Amino acid sequence: MRDLVVAGGGPVGLAAALYAARAGLDVVVREPRGGVIDKACGEGLMPGAVALLGEVGVDPPGHPLSGIRYTDGARVAEARFRHGPGRGVRRTTLHTALRDAVESAGVPIESQPVRSVEQGADRVLVDGEPTAFLLAADGLHSPVRRLVGLDAPTRAARRFGLRAHVAMAPWSSCVEVHWSRFAEAYVTPVAEDLVGIAVLSSERGPLEDHLAGLPSLAERLAGRSLLPTRGAGPLRQRSKRRVQGRVLLVGDAAGYVDALTGEGIAGGLAQAKAAVAAVTAGDPASYEWTWRRLTWRHDLLTHALLAATRPIGLRRHIVTSAATLPRVFEAAVNQLARPA
Ligand SMILES: Cc1cc2nc3c(=O)[nH]c(=O)nc-3n(C[C@H](O)[C@H](O)[C@H](O)COP(=O)(O)OP(=O)(O)OC[C@H]3O[C@@H](n4cnc5c(N)ncnc54)[C@H](O)[C@@H]3O)c2cc1C
């Protein structure tokens, strides 16, 4: 019988496989999508994510990120990272680096989804095959979360994400966040000649329409084409608990508040490490408390920022507030960016 099956070969599942291999577990990854996997993402690795990737020997090339800059076209507020730089990394580059490391560690990646899960006292059957534990790292709309009855409804306002790239030299080493009445656009340098543009909004529509509401950004990008767009959402997802018997939820599969604080990958990597430690210790239930400890600070700040920026009247003041209270802005950015 295997020690561990990881459902999902995204960044969190692959990092979990690396932590498991380092702990001496017999682990396999199940990922239905072949080749190099792309996804709608702002592609900003916060300093905590860079540190955790380093722990499992993964150092993907990208563009250094020195902080976060808010702008509404007229005003600018900037907060620098205090715990070392982050990094803008194309999702395809991140996936290639993680997958290569998993293959070098001798962990098999099977090209099929997890379709059925049956729990027993001392094992879990994954599509009929016994394994001691199953980690669900199968993303925002996690099929495994549903299969084991951990999906929870949400009444939160629905927000969606879009992402494209523009072939041009970055004009800042910060992740630049442009605020309009209905959307935020995150500009992340990912290479010397490429920037990523991610837009988050509760309004659905093509990326070009959102950019029309962000004239200062549209002016920067004028005359350049947007390289293929990808979408994701609704972003808010909840789970009832993170552990059900021998099944543990990690990354977006464990629940997601919003992408506006850019912490998804850092948080997911920290959860992968904690979940593997719990199964290695033979104490999966302990992961629930570790998950709460790892996520509460980030979730609280994300909920607070969402609440403060939902009413259009308040939204207009977000950049002015950040510029007027630079220490508060810097403290909030660094609470989110610091390693777990
Ligand atoms: C618009 C947007 C911008 C974002 N910006 C940032 C950012 O700047 N920085 C940041 O850190 N985070 C950001 N995030 C969040 C980040 O993208 C996610 O937190 C991260 O991708 C989570 O990784 P994961 O491995 O948990 O899930 P995923 O990357 O979604 O991977 C899940 C994998 O599971 C596979 N799968 C699905 N079903 C099954 C099944 N049944 N069996 C097996 N495998 C299955 C899928 O094919 C997929 O490859 C952003 C998100 C969005 C939407």
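Indexing begins at 1, ligand by ligand and atom by atom, following the structure's order. All figures in this text were calculated on a predicted structure; none of them were measured in a lab.
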Honestly, for Leu200 the part within reach of ligand 1 (heavy atoms, under 4.0 Å) is side chain

* **Salt-bridge criterion met for Asp127 and Arg115 (N-O under 4.0 Å)** => no

**Asked** Considering distance alone, does some N or O of Glu31 sit under 3.5 Å from an N or O of ligand 1?
**Response** yes

Closest to atom 43 (C) of ligand 1 among protein heavy atoms sits Arg30 O, 3.3 Å

Requested in this report: Would you please determine whether Gly268 falls within less than 4.0 Å of ligand 1 on a heavy-atom basis?
Outcome: no

closest protein heavy atom to atom 18 (C) of ligand 1 is Asp252 OD2, 3.2 Å

**Prompt:** Does Gln237 use its side chain to pair, donor to acceptor, with the backbone of Gly255 at less than 3.5 Å?
**Reply:** no

Counting heavy atoms under 4.0 Å, the part of Arg91 that contacts ligand 1 is side chain

Q | ligand 1 contacted by Leu235 (non-hydrogen, < 4.0 Å) | A | yes

Take atom CD of Gln112 as the centre, draw a 6.0 Å sphere, and report whether it contains more than 12 heavy atoms from other residues, nucleotides or ligands.
yes

Requested in this report: Mark yes when over 12 heavy atoms from residues, nucleotides or ligands other than Glu129 sit less than 6.0 Å from its CD; otherwise mark no.
Outcome: no

Heavy-atom proximity to atom 17 (O) of ligand 1 ranks first, among Lys39, Met46, Arg115, for Lys39

So CD1 of Ile37 and CZ of Arg91: to nearest 0.5 Å the spacing works out to 9.0 Å

Contact region, Tyr256 to ligand 1, non-hydrogen atoms below 4.0 Å, reads side chain

Q: Consider ligand 1: state whether an atom of it lies below 4.0 angstrom from any non-hydrogen atom of Ala49.
A: no

Quick look: Cys41 vs ligand 1, heavy-atom contacts under 4.0 Å, and the answer is both

In terms of heavy-atom contacts, Arg145 and Ser239 come closest through CD-CB, 3.9 Å

Got a donor-acceptor contact below 3.5 angstrom from the Asp252 side chain to the Gly139 backbone?
-> no

Atom 25 (O) of ligand 1 sits nearest the protein heavy atom Val12 N, 3.0 Å

| message | Please report whether ligand 1 has a polar contact with Gly44, defined as an N or O pair separated by less than 3.5 Å (distance criterion only). | response | yes

Logged contact type for Ala253 with ligand 1, heavy-atom cut-off 4.0 Å, is neither

Residue, atom and distance of the protein heavy atom nearest atom 4 (C) of ligand 1 read Gly42 N, 3.0 Å

Looking only at protein heavy atoms, what sits closest to atom 12 (N) of ligand 1 is Gly264 N, 3.5 Å

At under 4.0 Å between heavy atoms, what of Ala259 touches ligand 1? The answer is side chain

Of all protein heavy atoms, the one nearest atom 27 (O) of ligand 1 is Gly139 CA, 3.7 Å

Check your understanding: Any ion pair linking Glu330 and Arg82 (charged N to carboxylate O, less than 4.0 Å)?
Key -> yes

Any heavy atom of Ala40 under 4.0 Å from ligand 1? The part involved is backbone

Next on the checklist: Could you tell me if Arg80 and Ser66 have a donor-acceptor pair between their side chains, going purely by distance under 3.5 Å?
Outcome noted: yes

min-distance protein heavy atom vs atom 11 (O) of ligand 1 -> Ile265 N, 2.9 Å

